[in-house]
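Worksheet for the structure shown next.
Every number for a ligand or one of its atoms is a count from 1 in the order of the listing.
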Amino acid sequence: MQTIEQISILRSEIKLWRQQGLKIAFVPTMGNLHQGHIALVEKAMLLADKVVASIFVNPMQFGINEDIDNYPRTMAADQEKLVAAGCDILFTPTPAIIYPKGLENQSYVEVPNVSHSYCGESRPGHFRGVTTVVCKLFNLVQPDIACFGLKDYQQVQVIQTMVDDLSMPIEIVPVATVREPSGLALSSRNNYLSIEEKKIAPALSQNIQWLAKEIQHNNDFIGLAKKAAGYIDNAGMKTDYIHICHARTLQPASEDDKELVILAAAHCGKARLIDNLQVQLT
Ligand code: PAF
C-alpha cells in the first residue's frame, strides 16, 4: 500500500489506473479504524480493481464546542489494518492541503432538507462540512464507487442526495453496520466510554429494536418514539433524538409509509452515540 499526502502524486497514480481501464473504489474515513471501516474496504475490494482509502480529520465538520484536537489519531495502527485488508492507496492530506485558503474562504457544498434535521439540527454546519470534504475528495480520487457505513444513515442519505443533485458519476455503496455482541454499533466514539458506560450503551440499539417491533402493529409513531426515549434515559443515557422517518427522504413517517428508518442519538457520558434501524412495514 502506498501512503500519499500530496495531491499531485495521488492524481498521477489515479491517472495511470484510469489509462489501464481499472475500476476504482474509494473509502473516505477520519482514521482510528475499526472493523466497521475494514468492512467498507472489504466491500470496496469486492466491487473494484483498486481501492483508495483516505484518512482526514475534517475540521469543517466539527462544531465550535466539539473537540477536534482530541479526536483519536492512530495512523500507524490504521496503516497496518489497511495493508492487511488489501487497500492500494491511503491518501492522508493535511488541512492545509485540503483547505489552502483556510476554512473561512473555502467554497462549500450544502444539501438542503435532508441535512437540516436530526444530527444536522444537533450539530449545525456538520453536514455542510461532510459534503464539502467528500465532494473535494471525490474530485481528487475520481472513484467509480464509494463505500459508506450505514451506522451514519443520515450521512449516507445526504451524500446520495449530493451525488444525485450534482450529477456526480459515482455509485454510493451503503455497507451494513458492524456491531459488538452486545448490539452496540462500532464507532470511534466508543473509545470515550468507561467500562460502566459500555454496559449502558447497548440500551440505544435495544430500544431501537423494541420500537421497530412496536411499529409493526401500532402507528402512534410519535408516542412510541417518546416511550423509547424514556427507556433510553432510564438506562442511564440522555436521548438527543429518536424519530421514525421515511427511509429515503428522512421526513417524519406518515401512516402510509412502508419503508422506514428509526434514527436515534443519545449521550452516554462524554460520548454522543448514534444508531438506526431500517424497518419494512408489512
Ligand atoms: O464518516 C466519516 O468518517 C466522515 O464523515 C467522512 C465521510 C470521512 C467525511 O469526513
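- Neither the backbone nor the side chain of I159 has a heavy atom within less than 4.0 Å of ligand 1.
- Residue Q61 approaches ligand 1 through these ligand atoms, each under 4.0 Å from one of its heavy atoms: 4 (C), 5 (O), 9 (C), 10 (O).
- For an aromatic pair to be called close, the ring centres must be under 6.0 Å apart, and F62 with Y71 satisfies this.
- Close approach of ligand 1 to V133 is summarised as follows: ligand atoms under 4.0 Å from at least one heavy atom of the residue are 9 (C), 10 (O).
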* To do: Go through the steps for Q142 and R18 under the test side chain to side chain donor-acceptor pair (under 3.5 Å), then give the verdict.
  => CA-CA 10 Å; Q142 297 188 17; R18 287 261 161 244; 4.8 Å; no

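- Note that CZ of R272 is 6.0 Å distant from CZ of R123, once rounded to the nearest 0.5 Å.
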* Under the side chain to side chain donor-acceptor pair (under 3.5 Å) rule, what do D165 and T161 come out as? Steps first, then yes or no, please. => CA-CA 6 Å; D165 288 356; T161 307; 5.9 Å; no

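- Close approach of ligand 1 to Q155 (heavy-atom distance below 4.0 Å) involves ligand atoms 1 (O), 2 (C), 4 (C), 5 (O), 7 (C).
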